[in-house]
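All of these numbers come straight from a predicted model, not from anything done at the bench. Excluded from the calculations below are hydrogen atoms, water molecules and symmetry mates; all remaining heavy atoms, backbone and side chain alike, are included. In what follows, chains are A, B, ... by sequence order, proteins preceding strands, each numbered from 1.
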Amino acid sequence: MNPADIPGLPPGVPEFLRESGIEALYPPQAEAVDAGITEGESLVASVPTASGKTLIAELAMLSSVERGGKALYVVPLRALASEKKAEFERWADFDVDVGISTGNYESSEEWLASRDIVVATSEKVDSLVRNGAPWIDDLTCVVADEVHLVDDPNRGPTLEVTLAKLRRINPDLQVIALSATVDNADEVADWLDAALVKSDWRPVDLRTGVHYGGAITFDDDSQREVPVGRGERPTAALVDDTLDEDGSSLVFVNSRRNAEAAARRLADVTADHLTDEERTELAALADDIEGVSDTETSDDLAAVVAKGAAFHHAGLAAEHRSLVEDAFRDRLLKVISATPTLAAGVNTPSRRVIVRDWRRYDGEFGGMKPLDVLEVHQMFGRAGRPGLDPYGEAVLLANDHDTMDELFERYVHADPEPVQSKLAREPAMRTHLLATISSGFARTRDGLLDFLDRTLYATQANDTTRLESVVDSTLDYLVANDFVDREGDEITATGLGHTVSRLYLDPMSAAEIVDGLREAEDPTPLGLYHLVCRTPDMYELYLKSGDRETYTELCYEREAEFLGRVPSEFEDVRFEEWLSALKTAKLLEDWTREVDEDRLTDRYGVGPGDIRGKVDTAEWLLGAAERLATDLELDCVVAVREAKKRVQYGVREELLDLAGVRNVGRKRARRLYEAGVESRADLREADKAVILGALRGRERTAERILENAGRRDPSMDDVRAEADADAGADGDDTTTDDRSRDTAGGQASLGDFE
DNA sequence: GCTGTCTTACTCTAGACAGCATGTC
DNA sequence: CTAGAGTAAGACAGC
């Protein structure tokens, strides 16, 4: 199909498409147009990654906007939201404005209302609906990207319920659902009253196969010799082989440690294939990466990057990730070894994809569990860059013939699993029933069931008794915790219930927090951190060997600080969870005692990205706790607010005022304080020479800070920095300080092995 | 005596959305 | 009680 033959587009778009090199639509795109996506028809497109799904969405959104409407593009990850926004901005010339709304990057309400296309995460959309954002009513088209994620036990129900709500708010809403190839796309289409386009077509040829005994055997029975030398690893041989053709590789492994170890080994392979120019560019990139964070992870990553390889997992700081992804896309990095994060994240295509580990540890399963076919296929889908690679190759690894046969059967020739609604799970029900009641979508039990009838769950379930019983027990729970009231048939949210729903808290988290705060007379920061860390909204840190003893001891030592009853050591599971939460809380406490990032990472066995994640979550939960305490008129409001601010800035109490000044973080605040500048007011009055000295002679920085502190004459012209008293020992003093404090308190820290 | 290879015992395990009000080194 | 790669440390051979 020729772009000019597409109906309903804004004038000029077909020409624009042709200028961007789109002479003819891909077959699935043409099918989608035939199904009427540019004329308001709904569609489920179940097609492989990189086969032009985005254009399908764009055509639908553009035509909807052309008819005077407004489109919403729903993504599963923040990183994807910014990626898509940047992509859609190419339509700016056609008077199509794009806005973005995620938890960390929020455009103002009025501004979003004026945008033609809004990109948001599913949770954010859910939240906007709960809070009654008026522009939601104006939507004419919604796109759900990666809709197969409705299968996800944690976040799937949010997407499912959100789509159901949007369709209820606007019955004429056009829905475009983009999915990986799944077994039961027809059920999804059924649910959404949409047409279905299902295709295996790909713009770049994809060959999948298994490497065993010195050769890859592909699905079409062809072979490619990739001999493995003595003492060489198959992965290295495969990466080397791709490099001989000037192609890049993506290696998927099953743990962070494996990703890092593999990158170290593969760096020796890539190092031999670099031009001098690449070496120079990589050295610069390595410098940038090292500068992102002062941690071992950062240094390790920089070391392999200098040689043309990288690792990628959720322990990396966000900047690390994007630097690595960008450099790989620019073909500067030759190989990335990654955990499954990368398969679900932003677009990072590669000539060859190597799925080294196809089993992953799963505690619930009690051992190594094979990856889902869908997951492996998502990894496969990263192979082959449209327009750049002649073909893509996806390879699994086998050590013996039996395994090779198994892999062919299990992954190469297998269809992905069907997606299955997880809505009937308790945690999902808790949250979504309360939200549904709170925002007035339903006022009775029948009303709730009627609403739930619009979900995928109802489409799939052949009898609704399970759903009814979960609804009933969940309602009981919500009533018992004073989130909803029941009078006869009438179900309404209480004030508390409304607040909880709008704060986007899991009701169980809210209940735990409310209980804890009610009994808190004079809560300590650790007590508050522990309270929020043990809610279901916080991922807990994993207890390592030795941690049990360490934190049991700490638990008794600081027993008085905990809010709520400490479970007995003999309630195994409960106590274990209590300790995990304590470990997380202790990480936060250390963070607010200004312990350095690198010490935190090795004390808690986490990466810089994990620290950021924990801090963010704690900040959010403490903010919610503050709001709950305010509404309930509890005395601890001030304590909670202070704990939140300390987590937010990562500082001790005395630095709160300083750290509140823009451009002053935990490090600068501490240096200023040591130099005698102890408050915002001091910043306005103190000797500039002292301030400049504390800021290590950075004039621009100092001027910006003074300006932000409200000083009348921020100029640093002619000011000479007073010598920094402890130059060279900076940063270390606080850590040493902290360590002696810990030891004095009798607490085991790293290096105490007794 | 040093170095590389093999053996063995032991360790550890993926991911990341959200409120609200403004801005790290 | 499940799996398998990584790792550190010791054993051993070869020079």
Side-chain angles (χ1 to χ4, degrees), chain A residues 75-79 81 102-104 106 108 120-128 130-131 149 152 154-156 158-159 231 233 252-262 264-265 291-294 313-315 318-319 338-345 356-357 359-371 375 399 431 499-506 509 537-539 542-546 597 605 609-610 612-614 616-617 619-628 644 648-650 659-669 671 695-696 698 701 704-705 708 730-731:
Chain A
V75 292
L77 297 170
R78 291 174 184 171
T102 64
N104 60 344
E106 162 107 52
S108 79
T121 55
S122 36
E123 282 77 8
K124 189 65 196 190
V125 178
D126 187 15
S127 169
L128 289 165
R130 290 185 190 192
N131 289 288
L149 290 173
D152 184 283
N154 298 315
R155 301 179 51 207
T158 303
L159 178 58
R233 298 192 182 233
F252 286 104
V253 299
N254 64 2
S255 74
R256 294 177 176 188
R257 197 171 56 160
N258 286 350
E260 294 186 17
R264 263 195 302 279
R265 285 192 304 266
V292 167
S293 131
D294 185 22
H313 56 65
E319 300 95 306
T339 55
T341 5
L342 201 60
R356 195 194 73 178
D357 302 334
R359 282 187 282 222
R360 186 170 54 223
Y361 180 84
D362 182 333
E364 272 173 54
F365 180 78
M368 299 302 275
K369 190 177 175 183
L371 299 182
E375 214 172 338
N399 296 319
T431 302
T499 304
V500 170
S501 173
R502 284 210 303 269
L503 286 172
Y504 213 79
L505 278 181
D506 181 333
S509 298
D537 276 312
M538 176 73 95
Y539 270 87
Y542 182 88
L543 284 183
K544 298 184 188 200
S545 70
E597 211 179 0
D610 299 297
R612 217 40 262 177
K614 292 283 177 282
D616 280 351
T617 310
E619 206 182 309
W620 165 55
L621 287 170
L622 287 165
E626 180 190 341
R627 177 65 185 280
L628 288 170
K644 183 192 81 171
Q648 187 182 344
Y649 302 134
V661 177
R662 196 197 304 186
N663 286 327
V664 179
R666 61 201 304 239
K667 294 258 168 81
R668 285 175 184 169
R671 281 201 295 271
L695 296 171
R696 303 215 181 121
R698 297 299 184 89
T701 309
R704 273 207 312 275
I705 289 173
N708 296 330
D730 63 284

Is_stacked (A:W620, B:dA18) at 5.5 Å, 30 deg: yes
Whole angstrom value for the distance that separates [atom2] of [N] from [atom1] of [X]:
{"X": "A:L621", "N": "B:dA18", "atom1": "CG", "atom2": "P", "result": "13 Å"}
{"X": "A:L503", "N": "B:dC17", "atom1": "CG", "atom2": "C1'", "result": "15 Å"}
{"X": "A:E260", "N": "B:dC12", "atom1": "CD", "atom2": "P", "result": "15 Å"}
{"X": "A:K124", "N": "B:dA18", "atom1": "NZ", "atom2": "P", "result": "7 Å"}
{"X": "A:E619", "N": "B:dG19", "atom1": "CD", "atom2": "P", "result": "13 Å"}
{"X": "A:R662", "N": "B:dA21", "atom1": "CZ", "atom2": "C1'", "result": "12 Å"}
{"X": "A:N663", "N": "B:dT22", "atom1": "CG", "atom2": "P", "result": "17 Å"}
{"X": "A:Y504", "N": "B:dA18", "atom1": "OH", "atom2": "P", "result": "8 Å"}

[X] (side chain) donor-acceptor with [Y] (main chain) under 3.5 angstrom:
{"X": "A:T617", "Y": "A:G613", "result": "yes"}
{"X": "A:R359", "Y": "A:M368", "result": "no"}
{"X": "A:R704", "Y": "A:N663", "result": "no"}
{"X": "A:N254", "Y": "A:D357", "result": "no"}
{"X": "A:D537", "Y": "A:D506", "result": "yes"}

Carboxylate-amine/guanidinium proximity below 4.0 Å for A:R256 and A:D610: yes
Select base, sugar-phosphate, or nothing to describe what [X] touches, counting heavy atoms under 4.0 Å on all strands.
{"X": "A:G613", "answer": "nothing"}
{"X": "A:T617", "answer": "base"}
{"X": "A:V664", "answer": "sugar-phosphate"}
{"X": "A:R130", "answer": "nothing"}
{"X": "A:R233", "answer": "sugar-phosphate"}
{"X": "A:N708", "answer": "nothing"}

Polar pairs (N or O, both sides) under 3.5 Å between protein and nucleotides 3-8 of chain B?
none

Please give the nucleotide sitting opposite B:dG23 as a Watson-Crick or G-U wobble pair, both distances under 3.5 Å, or none. none
Close side-chain approach of A:Y649 to A:V664, heavy-atom, < 4.5 Å: no
Hey, does A:L505 have a side-chain heavy atom less than 4.5 Å from the side chain of A:T499? no
Please list every stem that involves DNA chain C, where a stem is a run of 3 or more consecutive Watson-Crick or G-U wobble pairs with both pairing distances under 3.5 Å. B:1-13 with C:3-15
Nearest to the side chain of A:R359, which nucleotide is it out of C:dG4, B:dG19, B:dA18? C:dG4
Closest-nucleotide ordering on DNA chain B, the 5'-leading residue of A:D616 and A:V661: A:D616
N/O (side chain, [X]) to phosphate O (OP1/OP2, [N]) under 4.0 Å:
{"X": "A:S127", "N": "B:dC17", "result": "no"}
{"X": "A:R264", "N": "C:dT7", "result": "yes"}
{"X": "A:R265", "N": "C:dT7", "result": "no"}

Apply side-chain contact (heavy atoms from CB on, under 4.5 Å) to residues A:R698 and A:R668 and explain how you reach the verdict. CA-CA 11 Å; A:R698 297 299 184 89; A:R668 285 175 184 169; 5.9 Å; no
Which residues pass the salt bridge (charged side-chain N to carboxylate O under 4.0 Å, His left out) test with [X], not counting sequence neighbours?
{"X": "A:E260", "value": "none"}
{"X": "A:R627", "value": "A:D631"}
{"X": "A:R612", "value": "A:D616"}

Report each atom pair, protein N/O against N/O of nucleotides 13-16 of chain B, whose distance is under 3.5 angstrom.
unit_1	atom_1	unit_2	atom_2	d
B:dA14	OP1	A:R256	N	3.1
B:dA14	N1	A:R360	NH2	3.2
B:dG15	OP1	A:A314	N	2.6
B:dG15	OP1	A:T339	OG1	3.2
B:dG15	OP2	A:R256	NE	2.9
B:dG15	OP2	A:R256	NH2	2.9
B:dA16	OP2	A:R321	NH2	3.4

Same-atom distance (P) from B:dA14 to C:dT7, integer angstrom: 14 Å
Using 0.5 Å steps for rounding, measure from the CG atom of A:L149 to the CG atom of A:L159. 7.5 Å
